[in-house]
There are 2 protein chains.
Amino acid sequence: MEPDESQLMLFPILILLINQASKMNAEDGVMEELASEKEAEESHRQDSVNLLTFILLLTLTILTIWLFKHRRVRFLHETGLAMIYGLLVGVILRYGIPATSYHKRTPPSCSLEEGPVSTLLLNVSGKFFEYTLKGEINSREIHNVEQNDMLRKVTFDPEVFFNILLPPIIFHAGYSLKKRHFFRNLGSIITYAFLGTAISCFVIGNLMYGVVKLMQFIGQLTNKFYYTDCLFFGAIVSATDPVTVLAIFNELHADVDLYALLFGESVMNDAVAIVLSSSIVAYQPAGASTHTFDATAFFKSVGVFLGIFSGSFAMGAITGVVTFTKLHCFPLLETALFFLMSWSTFLLAEACGFTGVVAVLFCGITQAHYTYNNLSEESTKRTKQLFEVLHFLAENFIFSYMGLALFTFQNHVFSPIFIAGAFLAIFIGRASNIYPLSFLLNLGRRHKIRGNLQHMMMFAGLRGAMAFALAIRDTATYARQMTFTTTLLIVFFTVWVFGGGTTPMLSWLHIRLDRCVVDPDQDLQQCGDNFLLFQGDGTMPEVSKTKQESAWLFRLWYTFDHNYLKPMLTHSGPPLTTTLPSCCGPLARCLTSPQAYENHEQLRDDDSDLILNDGDLALTYDDMAIRAKGASSGGADAGGWGVNGKRSSSTSEEALEREMDQEFLSRSTRLVFPIEDHA
Amino acid sequence: MEPDESQLMLFPILILLINQASKMNAEDGVMEELASEKEAEESHRQDSVNLLTFILLLTLTILTIWLFKHRRVRFLHETGLAMIYGLLVGVILRYGIPATSYHKRTPPSCSLEEGPVSTLLLNVSGKFFEYTLKGEINSREIHNVEQNDMLRKVTFDPEVFFNILLPPIIFHAGYSLKKRHFFRNLGSIITYAFLGTAISCFVIGNLMYGVVKLMQFIGQLTNKFYYTDCLFFGAIVSATDPVTVLAIFNELHADVDLYALLFGESVMNDAVAIVLSSSIVAYQPAGASTHTFDATAFFKSVGVFLGIFSGSFAMGAITGVVTFTKLHCFPLLETALFFLMSWSTFLLAEACGFTGVVAVLFCGITQAHYTYNNLSEESTKRTKQLFEVLHFLAENFIFSYMGLALFTFQNHVFSPIFIAGAFLAIFIGRASNIYPLSFLLNLGRRHKIRGNLQHMMMFAGLRGAMAFALAIRDTATYARQMTFTTTLLIVFFTVWVFGGGTTPMLSWLHIRLDRCVVDPDQDLQQCGDNFLLFQGDGTMPEVSKTKQESAWLFRLWYTFDHNYLKPMLTHSGPPLTTTLPSCCGPLARCLTSPQAYENHEQLRDDDSDLILNDGDLALTYDDMAIRAKGASSGGADAGGWGVNGKRSSSTSEEALEREMDQEFLSRSTRLVFPIEDHA
């Protein structure tokens, strides 16, 4: 069956399901007197129906994505699509089900003197039943508790987002960050992510505080809305998620530096935003009485920020480094171990009071940098594919849930002034992040971030999964409910409008569409359809452009990493015996793995190894398999260059960079060049 | 770091964690007066610690498995190992933590006139808190509710096993069932699984009823234990799970027929046991007053059995067939869709009141048979690997949880007489399944199931994950608690003793160790280390042995499947235009996919396609890549045979079977033969 046909089939099934759900609710009312066991069974069935609704939504999304990819439709990304389908189902759930099917009953209540406890016993004529605390409910909500039972049931526990759906997304982002261009632009990325997000958070927070004051002045807001609430809003909407834009960049082969900057910034600023928001929450209790600015509390929360961030960073990096497998012969065990270690990083950080998501991000980056080299070839593919699927499913689930939440979430607070203010504030916040920082960075960068790239970065400030997850985590107070509603609308608007406008924007800004880009999934340079192996004899038009950027800090780190960390933690790189001073000989011999010697020898002797094409490449691009084979006649060149790169151990800048390229070549990644340049 | 070192490191971490857990509990006591929000945060942290404990247990298991595989240790399987580690941690949790750290407080209770409701409101000085029903608790348990809080927290909701852990295990079993030997022995497998499991269930149930009567007579049992409870026990311990035995068979290349019989039986009887147990539960309310045998109720539950089973079967088979992807260009989408469809089968069945696990099993079998052929090469690998990892993790998790549950489960009822009776009963039950049915089957089989194979099947009646999951699902009554404890002990005993004794038993029973076996994971025949392509010119020593078994029923099904279903549902097989009578021409053209014509053409013309070795084979067995390459010179033979197989469209038995083999060859599976036979 063609996907378009099956889509037509899926919709009736969805509607049937929704009817089924409403019918079961109607039955519920009749069966009130039946045993609780029966009720639990019904509830289980209802849960299945709800989950099934989401799964069919995802299926629908996948089929439509396929259709779009097939027809090369670019104005709507899969996440935008998932939101639309979510919205549709949300509308049906909200308005399509007759109101008569709801219970019109307030659940029984009982009184206690003491504070809420986690476990409560209920004595019904001698039989005891155990109840667990679900949460406080608003007094205006009491009569609605069971009334909108169904809508409540499709509402997930917000912790699900944090503990189940975000980790694979964030880990995948970190794990696929192994890109030369990312490390080349590391300084700029860190500046945008840390300084930029902080600026954005404070600008948005202060602007929103002005809006709130205005609203209170004109009597539009009677509930409490503190300064910390504004800052919290600033923190959560500062987490950008340009997934839509990046997908298009990738397809159109847009500027590699821009790609690296945007991807790197969005990955890192998620981490910053999450820690920032929790330090703002930590700041709150101190100023609980006033909720205004307090210098001590401010420095305390800066301390909390630094503590949580560095703690999570250290934990992630350490676990990433520890996952140092030698289970080469058993890819299944290796993959399972890899998965478990990533997950345990998350849990360990949470158990220690740090932020699991941040730890998982740095775990991913470290594993991509070190552990990836230790895995067997089979496992590198397996782990990548496993996390790719998990990431894909989690991301689309979150976005379709967002669409659903717009109609099924019970406590929306739509405030037009606040929303208008927020749209203005995020615009100004993003601008005061990008333009001033780009100016400062350009003072130090040899390869400047040009004006059109700055405009594109400004434009690509989409909000996504992270902002949503942070906003839905706490919707207890009026201020947080307003925050949630506004964040949701910001996500919708930016994903649809900015996401959809990427292609016209790129051409309007005259952004160079490179013929060669680093494909984020394949980790190889792709130039239209022509591939050729990297010659490296000086004719490096693309590489030389970006080469100039490697700042001294990065170079220092690179040297340390390449000479000491890599040999110690992986089987690649030069043996420690050659890089450490001779006095450390015994220690060096002890720390270097036997494979490192072998690899080193191999690098020096077995030149043909460098030009062997890997199976994956041949599999994906069948049409160029012969070409790649043909190119292996140029092996002597490539090999000669490899020897050259190894030989020139002088510390001159050029040699270092050439070695970097060579190392890049000796991994699973193969640099490829336009065939025209060669022919 | 070597795994053995890291194991030494992991144990202290585990102990630290457990201490941490106990400390946090101690803190809990002090913080009772603090806000419930703080308590929820602590509870979240505690959850992370608990989950982390399990993950480290799994990591430990993986590292030890690696060590065992590396050193070729065969007496202990990974599942047995997981149980041992689980036991150790259970002992530490139970006895290693000082009793002072527990609360000694009964939670507050309140009274209501009406029956238990799902949602309860608690009014604490004007603030309302929502509570949800967790379940009824025994009156003797009330004072323990918070006392053993920590032990309770490492106890999972039993539904987790059914809804999260079992589906991937069962699906993987179904998905990897695509074996020629399975279909050859289908009749025998179905007989053992359906008739055998029913016999076993009733024999064990009746024997246990005798034991219970005896216990009541001598005053060892004062609580209620009905006949249906005995039957329920019979049903759950009739689910065999010879995972340990099969792993060893696989490693030692034991008899292929025995492997197929055991694997097939265990997969199918899980489905039978689960439906049997739920029909027994359905039988219970009818005879609620007497709990004795009642003919009407019996036929009612037979009806329930047939209804649930056929419903689940139909649902699984239909969804399996519907997953008919053409998303060839996008393996990620294809894999995600495949995963979602399998999961939605489970949920759909649950939502309709059928058994999700059974539906997932048949979905897996159908998908392996039809959908697998439609997937792109990349996706076939991806889906296999994805489900392999999920299956591996879920299985080891269940087994390590079993070890833990022996010490941390709160309501164990150890009754020596019942346990001794149960061990005797499962032995008799297994014997009255295997021996009489084997005798009956041998009357019809041309290739007899010999005595030693029967003894081995008897010996391989291990109990595993399914029995455990069924037993833990309901531990509300005294009878069910006794059932759970006994089942747990049976699983421990059979996995360790029978699992460990497989290798000696095989040699003691003189069971033929085939030089060529079908590797269940690779789906190719492996003969020591030598591979050669199938010649098919009549010298088929192994194949001809098993060939004789294909019964008439199977042959009928095969013809129908090959001529009509396969061409309609997959892109392989002959086009319908050639198999349907000419009057159905237009219909046939409409139903046949364009690829089928192409494949058909290809089969006839492009002979070299048949002898191309697939990437997977070359990847896994590096040492034989050259050999396989060399063998391609024999391509003319193999191809010639392929044409031969296609040409002989007479309905003679021999031709049909040759075609089957040829079809087997034309898939991703390549038959390979000992090189000695050829040389």
Side-chain angles (χ1 to χ4, degrees), chain A residues 1 36 39 45 48-49 51-52 55-56 58-59 62 65-66 69 107-112 115-124 127-137 139 142 145-146 324 327 330 332-333 335-337 340 343-344 347-348 350-351 382 385-386 388-389 392-393 615, chain B residues 1 36 39 45 48-49 51-52 55-56 58-59 62 65-66 69 107-112 115-124 127-137 139 142 145-146 324 327 330 332-333 335-337 340 343-344 347-348 350-351 382 385-386 388-389 392-393 615:
Chain A
M1 170 194 341
S36 66
E39 199 173 279
R45 188 180 288 195
S48 301
V49 171
L51 211 50
L52 193 58
I55 288 186
L56 290 183
L58 280 185
T59 311
I62 290 177
I65 294 168
W66 176 80
K69 287 207 174 186
S109 73
C110 71
S111 302
L112 271 188
V117 286
S118 55
T119 308
L120 184 75
L121 292 183
L122 179 69
N123 182 348
V124 182
K127 277 188 170 181
F128 282 91
F129 296 90
E130 193 184 351
Y131 283 80
T132 43
L133 180 63
K134 205 169 175 187
E136 189 180 346
I137 47 168
S139 52
I142 291 175
V145 168
E146 284 210 14
F324 181 17
L327 319 181
F330 309 101
L332 174 63
L333 297 186
T335 312
L337 191 65
L340 288 178
W343 198 14
S344 64
L347 292 171
L348 198 63
E350 289 284 319
R382 278 192 181 212
Q385 290 172 356
L386 178 70
E388 202 181 22
V389 171
F392 178 83
L393 290 176
Chain B
M1 173 192 344
S36 66
E39 199 174 278
R45 190 181 287 195
S48 301
V49 172
L51 210 51
L52 193 57
I55 288 186
L56 289 183
L58 280 184
T59 311
I62 289 177
I65 295 167
W66 176 80
K69 288 209 171 181
S109 73
C110 70
S111 302
L112 271 186
V117 286
S118 56
T119 308
L120 184 74
L121 292 183
L122 179 68
N123 182 349
V124 181
K127 278 188 170 179
F128 281 91
F129 296 91
E130 193 183 352
Y131 283 80
T132 42
L133 180 63
K134 205 170 174 186
E136 188 178 349
I137 48 169
S139 51
I142 290 175
V145 167
E146 284 210 11
F324 180 18
L327 320 180
F330 309 102
L332 174 64
L333 296 186
T335 313
L337 191 65
L340 287 178
W343 198 16
S344 65
L347 291 171
L348 197 64
E350 288 286 317
R382 277 190 182 214
Q385 290 172 355
L386 178 71
E388 202 182 19
V389 171
F392 177 82
L393 289 176

Part of L340(A) lying under 4.5 Å from any heavy atom of chain B: both

side-chain contact (heavy atoms from CB on, under 4.5 Å) partners for S344(B), two or more places apart: L52(A), I55(A), M341(B)

L332(B): partners by side-chain contact (heavy atoms from CB on, under 4.5 Å), with sequence neighbours left out: E388(A), V389(A), F392(A), R382(B)

Heavy-atom pairs under 4.5 Å with chain B, option from I65(A), L347(A), L393(A), L386(A) with the top count: L347(A)

Closest approach of L51(A) to W343(B) (non-hydrogen atoms, all atoms of both residues): CD2-CZ2, 3.8 Å

